[in-house]
Amino acid sequence: MKFVIIVPCYNEEAVLPETTYQLSRVLDGLLERGVIGHGMILYVDDGSKDATWGLIQKYAEENPYVEGLKLAHNVGHQHALWAGLEWASAHADAAVSIDADLQDDVEAIGTMVDYYNKGIDIVYGVRRERKTDTFFKKHTALAFYRLMRGLGGEIVYNHADFRLMSRRTLQALVSFPERNLFLRGMVSSLGFPSALVYYDRKERFAGESKYPLKKMISFALDGITSFSVRPLRYITYLGLFFMLIAILAIFYGLCSYAEGSALPGWTSLLVSVWFIGGAILLACGIIGEYVGKIYKEVKQRPRYFIEQTTFKSNETQLNAGVRE
């Protein structure tokens, strides 16, 4: 079996030496057990501004497992991961995707491979709990998963992008034409046989998180709008609700006028205008999200460009990752 570990990287020079060491050790173990025939660590440099690509080149010369793809500019984590998955779909029998920060348990990779050898196509790495998260991140993540499920999205709870995929699932995934990528939902929608591997998530080994609050919110919006049109339907329901309130307000006003008890007041008018105005702006914003996605999709621009690779020849060889 030709097996590759895909690691998207953005400014990961602080953690890359340890990541390379630990993943190489994992491949050593898999080869010794005879559960894989050939192994590779494929780093995808997402336009890093530090020495990440230089380190990848260095390890590619020193370590028979390591190869790298350098993207022409920063395209984001999901697109960088897609670049690695697209390469693996043509060259590997199975691939595991994992972040470079070593928060995901590399020892779980062996269990994933065992499931693959039993005929399972997709193996999800799932966190047992969120002890390492802050109170805010823990509860917002929980709310996101619940919201996604409530909106009809297929998503595995407490699963990020740590997973194993077989070649046929990789080929099915890369056949998706969309540019707005939310891989957690896309992979779950494939429908192939799957299993879960639970692990304890660790603290980041070194460096800084590449997902601040702004990116987390953007990622959540991408996930919601990529896999559900229910927000648009809720706008319709909200409009009908406001129409009902308006009818009741008109009826109340006419009755008060008929009874001669109508008093001029600005509070109710002010509250109504601000509330309904805010609701209209919210509705326009939701519609705008979908229109923006349509705009990106119809342009059909390439997801990424590869500036440079570490492969020694045009014919990439996974068997270069075999250790004697």
Side-chain angles (χ1 to χ4, degrees), residues 1-10 36 38-47 67-100 104 109 112-113 115-116 119-125 153-156 159-195 219 222-223 225-227 293-311 314-318 321:
M1 178 183 74
K2 296 179 179 179
F3 178 68
V4 60
I5 301 175
I6 302 166
V7 189
C9 303
Y10 179 67
I36 65 172
H38 309 289
M40 175 188 288
I41 303 168
L42 180 64
Y43 288 118
V44 183
D45 181 16
D46 185 24
E67 295 291 354
L69 301 175
K70 177 176 173 56
L71 304 186
H73 67 288
N74 180 251
V75 294
H77 176 273
Q78 296 290 279
H79 286 79
L81 179 53
W82 182 276
L85 295 173
E86 195 164 32
W87 184 93
S89 69
H91 299 91
D93 296 310
V96 163
S97 57
I98 187 171
D99 289 340
D104 297 320
I109 294 175
M112 292 179 172
V113 173
Y115 271 113
Y116 168 80
I120 303 299
D121 286 288
I122 304 173
V123 186
Y124 299 99
E154 297 182 37
I155 188 171
V156 178
H159 164 70
D161 287 303
F162 182 33
R163 70 180 75 87
L164 178 145
M165 299 181 68
S166 66
R167 171 176 282 189
R168 67 172 180 169
T169 60
L170 288 168
Q171 291 175 342
L173 179 66
V174 300
S175 70
F176 283 30
E178 60 250 46
R179 268 56 184 165
N180 296 284
L181 299 180
F182 183 68
L183 292 174
R184 302 179 195 184
M186 294 170 69
V187 173
S188 298
S189 69
L190 294 176
F192 289 92
S194 62
F219 185 68
D222 281 340
T225 54
S226 293
F227 280 87
K293 287 186 176 295
I294 295 170
Y295 174 67
K296 289 181 180 179
E297 294 293 344
V298 298
K299 288 190 293 185
Q300 291 290 298
R301 289 181 177 175
R303 298 181 182 90
Y304 60 88
F305 292 104
I306 296 177
E307 177 185 340
Q308 192 176 353
T309 76
T310 61
F311 295 116
N314 292 330
E315 296 182 2
T316 54
Q317 298 289 332
L318 261 176

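Sequential numbering from 1 along the given sequence is applied to the chain's residues.
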Quiz item: What are the two closest non-hydrogen atoms of Leu42 and Trp87, and how far apart are they?
Solution: CD2-CE3, 3.8 Å
Practice problem: For the residue pair Ile109 and Phe3, establish whether any side-chain heavy-atom pair is separated by less than 4.5 Å. | Solution: yes
Exercise. Say whether, by atom type as modelled, one donor and one acceptor occur between the side chain of His73 and the main chain of Phe305 under 3.5 angstrom.
Key: no
Exercise. Looking only at non-hydrogen atoms, find the nearest pair between Gly119 and Pro193 and report the distance.
Key: O-CB, 4.5 Å
Quiz item: Between Leu81 and Val44, is any pair of side-chain heavy atoms under 4.5 Å apart?
Solution: no
Practice problem: Kindly indicate whether the side chain of Leu71, heavy atoms from C-beta on, has any atom under 4.5 Å from the side chain of Ile306. | Solution: yes
Quiz item: With a 4.5 Å heavy-atom cut-off, do His91 and Val4 have their side chains touching?
Solution: no
Self-check item: Reported CG-to-NE2 distance for the pair Asn180 and His79, which is rounded to 0.5 angstrom
Solution: 7.0 Å
Self-check item: OG-CE distance between Ser97 and Met165, expressed to the nearest 0.5 angstrom
Solution: 8.0 Å
Self-check item: Test item: Ser188 side-chain N/O and Gly185 main-chain N/O as donor-acceptor pair under 3.5 Å
Solution: no
Exercise. Looking only at non-hydrogen atoms, find the nearest pair between Ala83 and Leu69 and report the distance.
Key: O-CD1, 4.3 Å
Exercise. Can you label the angle between the His159 ring and the Tyr124 ring as parallel, tilted or perpendicular, going by 30° and 60°?
Key: perpendicular
Quiz item: Considering only heavy atoms from C-beta outward, does the side chain of Phe192 approach that of Ile120 to under 4.5 Å?
Solution: no
Quiz item: Does the pair Val75 and Arg303 meet the rule for a side chain to side chain contact (heavy atoms under 4.5 Å, CB included), with working shown?
Solution: CA-CA 8 Å; Val75 294; Arg303 298 181 182 90; over 6 Å; no
Self-check item: Leu164 side chain near Tyr115 side chain, heavy-atom distance below 4.5 Å
Solution: no
Self-check item: Side-chain donor/acceptor of Arg163 to backbone N/O of Ile122, under 3.5 Å
Solution: no
Exercise. Starting at NZ of Lys70, measure out to CG of Asp46 and round the result to the nearest 0.5 Å.
Key: 9.5 Å
Quiz prompt | Gap between atom CZ of Arg167 and atom CE of Met1 - 0.5 Å precision | solution = 11.5 Å
Quiz prompt | Ser166 side, atom OG; Asp93 side, atom CG - distance, nearest 0.5 Å | solution = 9.5 Å
Exercise. Under the side chain to side chain contact (heavy atoms under 4.5 Å, CB included) rule, what do Phe176 and Leu183 come out as? Steps first, then yes or no, please.
Key: CA-CA 11 Å; Phe176 283 30; Leu183 292 174; over 6 Å; no
Quiz prompt | Test item: Met40 and Lys2 side chains (from C-beta on) under 4.5 Å apart, heavy atoms | solution = no
Practice problem: List the steps and the verdict of side chain to side chain contact (heavy atoms under 4.5 Å, CB included) for Glu307 and Asp45. | Solution: CA-CA 10 Å; Glu307 177 185 340; Asp45 181 16; over 6 Å; no
Exercise. Quick one: pull up CZ in Arg168 and OG in Ser89 and give me the separation to the nearest 0.5 Å.
Key: 15.0 Å
Quiz prompt | Trace of the side chain to side chain donor-acceptor pair (under 3.5 Å) decision for Glu67 with Thr310 | solution = CA-CA 6 Å; Glu67 295 291 354; Thr310 61; 2.5 Å; yes
Quiz item: Yes or no on side chain to side chain donor-acceptor pair (under 3.5 Å) for Asp161 and Gln78, after CA distance, side-chain angles and deciding distance?
Solution: CA-CA 9 Å; Asp161 287 303; Gln78 296 290 279; 3.1 Å; yes
